[in-house]
Number of protein chains: 2
Amino acid sequence: MRNLKSSSILQANPEFFLPGISIDCVVIAYDLNQINILLNKLEVLDLWMLPGGFIFQDEDMDQAATRILEERTGIKLPYMKQFYTFGDVNRRDRTRITLFDGRKDKAYLRFRKFLEQRFISSGYLSLVDMRDCHPTPDILSDECTWHPFNKLPELIYDHGEIVNKAMEELRRWINYMPVGMSLLPEKFTMKDFQILYEQILDRELDRGNFQKKMLKLGFLDRHEKQLSGGAHKAPYLYSFNEKKYNELVEKGIGYINS
Amino acid sequence: MRNLKSSSILQANPEFFLPGISIDCVVIAYDLNQINILLNKLEVLDLWMLPGGFIFQDEDMDQAATRILEERTGIKLPYMKQFYTFGDVNRRDRTRITLFDGRKDKAYLRFRKFLEQRFISSGYLSLVDMRDCHPTPDILSDECTWHPFNKLPELIYDHGEIVNKAMEELRRWINYMPVGMSLLPEKFTMKDFQILYEQILDRELDRGNFQKKMLKLGFLDRHEKQLSGGAHKAPYLYSFNEKKYNELVEKGIGYINS
DNA sequence: ACAAAAGTGTTATCCTTACACCCATGT
DNA sequence: ACATGGGTGTAAGGATAACACTTTTGT
């Protein structure tokens, strides 16, 4: 039997939640070559969806998003940003599902009614280090796993759209988000950093210029060389100077163009 | 007696609206020297608020925002962009008001109950030409008027915060919004255009560089000279080449730095 | 003639871009 | 030795920023 979390929607009375408002989280991580998105798989049905949840009556919306993210990822206070609220009437029309179909008890019927209302959903974008993450399915799901962004399965409702909007947001705000520090491990090579940017921006960048630009910005600490395994000069390892990095991210790190 | 609009919240049954979700609109216009915001003044109470409203059960959130904006401004399909959703529990704590206090009839009590729930509110930013605008108060208000952005009165609830967030959004996205074409009249001088940018960015720009930059971008048509009244060379009048301007706004007009 | 503001030109400086070059390493 | 990829250098072109110069107009 799986552990039930505090916000497990089957335990709680739906009266505890704000009606008609949900939260969907696009959790982004980077696995040394690929951008990954965290997905839940609905029990029984073979349907994938974004991790999400509802807002308690006495809870700020941001608090709810933080709670949901912490429960799914196991990370304390992950980087997080609300990016858009989806309010189309027909946003669920793509998928027709009926939950709990065998069951007739009051609690289930009550929840079914709660879940079947029209929902407006706020999308939150989160950037996490995959290595710190312990993906945990919610109570309606039996899997919670990473999926490469360019090989996503079919998603429920409008969740595909939500992911796309999140990626667009990431691209546009790349200079104003702690992309590197949130997604990369403690130590990394310049190549790692560059590929991350290439994946997000979806285009190739010039190696030499990227290196010089980032070094000139002055938020990288260089460490001893990696005694690497390739038939070539071993690359340096770098890490972020947290203070300088955050200052620069506030103002906006200069564009990377090539 | 004021005309009641279709969405007049006192006419309609509150059951027609989604519960707990509202829309607040930051309508921005430019009056040849100043940025102005459209505000409603609540009846009886001396309180100013953003124009806003609720979402019908069968209505997209964007449709609702469009409807509200059209009713308040009289403009058909104004430029509009959802920019943030405000969901703090205590977002109304700054102002304590009790509406309809004398009245006891059922319809009023029902509405009072509706209005007193906790609301999550989506903020929409809209840019309009002041000269095309016919500000119309909603049914709870007796005034709907423009207020210079730098002399705003005290606003209800968290509406001050909402305005600030909208202006921040405008500043950051200035290169991706049709700022000029939405806010300026059909024909305008380069000075008008520059002051608009200066007001938004809140800093002075170099006159010569601004002129050259904008002309080089190629979306301005130059007309005959204005036979102006000043003791100086008369400025040209310009207008936007709609097609070229919109193309450039899509990609992002280059920054203006000085 | 003069002041004021519009339109345009000039220059130093910086950033971007596209490479080229050398270096360290494992085979 | 050599292929491979890391780190750095360079030179052309473009953009930016600061300011100067010229033009037009009303008084």
Side-chain angles (χ1 to χ4, degrees), chain A residues 32-33 174-175 180 184-185 187-199 201-240 248 251-258, chain B residues 32-33 171 174-175 180 184-185 187-240 248 251-258:
Chain A
L32 294 187
N33 258 328
I174 191 170
N175 294 319
L184 290 170
K187 292 184 180 180
F188 52 90
T189 66
M190 196 57 84
K191 183 117 208 173
D192 295 332
F193 198 9
Q194 186 186 332
I195 294 180
L196 171 58
Y197 264 70
E198 291 182 335
Q199 295 281 330
L201 299 174
D202 195 29
R203 63 196 164 91
E204 295 195 343
L205 303 175
D206 182 273
R207 188 176 57 84
N209 293 334
F210 183 88
Q211 174 120 344
K212 272 175 297 173
K213 175 96 187 192
M214 287 303 183
L215 288 177
K216 205 165 103 184
L217 287 169
F219 54 70
L220 290 176
D221 294 332
R222 175 179 282 180
H223 298 117
E224 78 292 347
K225 289 200 175 197
Q226 179 182 47
L227 306 175
S228 82
H232 54 78
K233 187 174 184 177
Y236 289 107
L237 286 175
Y238 298 89
S239 63
F240 288 98
L248 264 169
K251 290 185 228 158
I253 298 178
Y255 238 91
I256 300 296
N257 288 314
S258 84
Chain B
L32 295 186
N33 258 329
R171 235 178 311 244
I174 190 169
N175 294 319
L184 291 170
K187 292 185 180 180
F188 52 91
T189 66
M190 196 57 85
K191 184 116 210 177
D192 295 333
F193 199 9
Q194 186 185 332
I195 294 180
L196 171 59
Y197 265 70
E198 291 182 336
Q199 295 283 329
I200 293 175
L201 298 174
D202 196 28
R203 63 196 164 91
E204 294 194 344
L205 303 175
D206 182 273
R207 188 177 58 85
N209 293 334
F210 183 88
Q211 174 121 344
K212 273 175 294 173
K213 176 94 186 194
M214 287 306 181
L215 287 178
K216 204 164 101 183
L217 288 170
F219 54 68
L220 291 177
D221 295 331
R222 176 179 282 182
H223 298 115
E224 79 292 345
K225 288 200 175 196
Q226 180 182 49
L227 306 175
S228 83
H232 53 78
K233 186 174 183 177
Y236 289 107
L237 286 174
Y238 297 89
S239 65
F240 287 98
L248 264 169
K251 290 185 228 157
I253 297 177
Y255 238 88
I256 300 296
N257 288 312
S258 85

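To find a chain, count down the sequence lines: A is the first, B the second, and so on, and within it residues start at 1.
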Requested in this report: Indicate, with yes or no, if the rings of A:Y238 and A:F219 have centres closer together than 6.0 Å.
Outcome: no
Requested in this report: Output the single nucleotide from D:dT4, C:dT25, C:dG7 whose closest atom is nearest the side chain of A:A234.
Outcome: C:dT25
**Report entry** Nearest-nucleotide comparison on DNA chain D, the residue closer to the 5′ end among A:Q211 and A:H232
**Finding:** A:H232
Query raised in the report: How close or far is atom P of C:dG7 from atom CG of B:L220, stated in whole angstroms?
Result: 11 Å
Report task. Report yes or no: does A:E204 contribute a side-chain atom to a donor-acceptor pair with the main-chain N or O of A:E198 at less than 3.5 Å? Result -> no
Requested in this report: Start with the C-alpha distance between A:L215 and A:R222, add both sets of side-chain angles, then the distance that settles side chain to side chain contact (heavy atoms under 4.5 Å, CB included), and finish with yes or no.
Outcome: CA-CA 9 Å; A:L215 288 177; A:R222 175 179 282 180; 3.8 Å; yes
**Report entry** Nearest-Å distance for atom pair CG/P, residues A:D206 and C:dC19
**Finding:** 9 Å
Query raised in the report: To the nearest 10 degrees, how far apart in direction are the end axes of the helix from C:dA1-D:dT27 to C:dT27-D:dA1, each fit to five base pairs?
Result: 20°
**Report entry** Trace of the side chain to side chain contact (heavy atoms under 4.5 Å, CB included) decision for B:K225 with B:L237
**Finding:** CA-CA 6 Å; B:K225 288 200 175 196; B:L237 286 174; over 6 Å; no
Report summary line: When rounded to whole Å, the NZ to C1' distance for the pair A:K225 and C:dT25 reads 9 Å
Query - Pair A:F188 and A:F240, ring centroids less than 6.0 Å apart - result: yes
Requested in this report: Measure from CD1 on B:I253 to C1' on D:dA15 and round the result to the nearest Å.
Outcome: 17 Å
Query raised in the report: To the side chain of B:K213, which of D:dG7, D:dT16, C:dG7 is closest?
Result: D:dT16
Query raised in the report: Nearest to the side chain of A:R222, which nucleotide is it out of D:dG26, D:dG7, D:dG6?
Result: D:dG7
**Report entry** Nearest-Å distance for atom pair CZ/C1', residues A:F210 and D:dG5
**Finding:** 16 Å
Query raised in the report: For the pair made of CE in A:M214 and P in C:dC15, what is the distance, rounded to whole Å?
Result: 15 Å
**Report entry** Shortest side-chain distance from B:N209, nucleotide among C:dT25, D:dA17, D:dG7
**Finding:** D:dA17
Report summary line: Regarding the side chain of A:R207, the nearest nucleotide among D:dT24, D:dA18, D:dT8 is D:dT8
**Report entry** Closest approach of B:Q194 to B:L205 (non-hydrogen atoms, all atoms of both residues)
**Finding:** NE2-O, 3.1 Å
Report task. Go through the steps for B:M214 and B:Y197 under the test side chain to side chain contact (heavy atoms under 4.5 Å, CB included), then give the verdict. Result -> CA-CA 12 Å; B:M214 287 306 181; B:Y197 265 70; 3.8 Å; yes
**Report entry** Protein-nucleotide distance (A:K216, atom NZ; C:dC14, atom P), rounded to Å
**Finding:** 9 Å
Report summary line: Winner on side-chain proximity to A:K212, out of C:dT25, C:dA6, D:dT10, is D:dT10
Query raised in the report: Please give, in whole Å, the distance from D:dG7 P to A:L215 CG?
Result: 9 Å
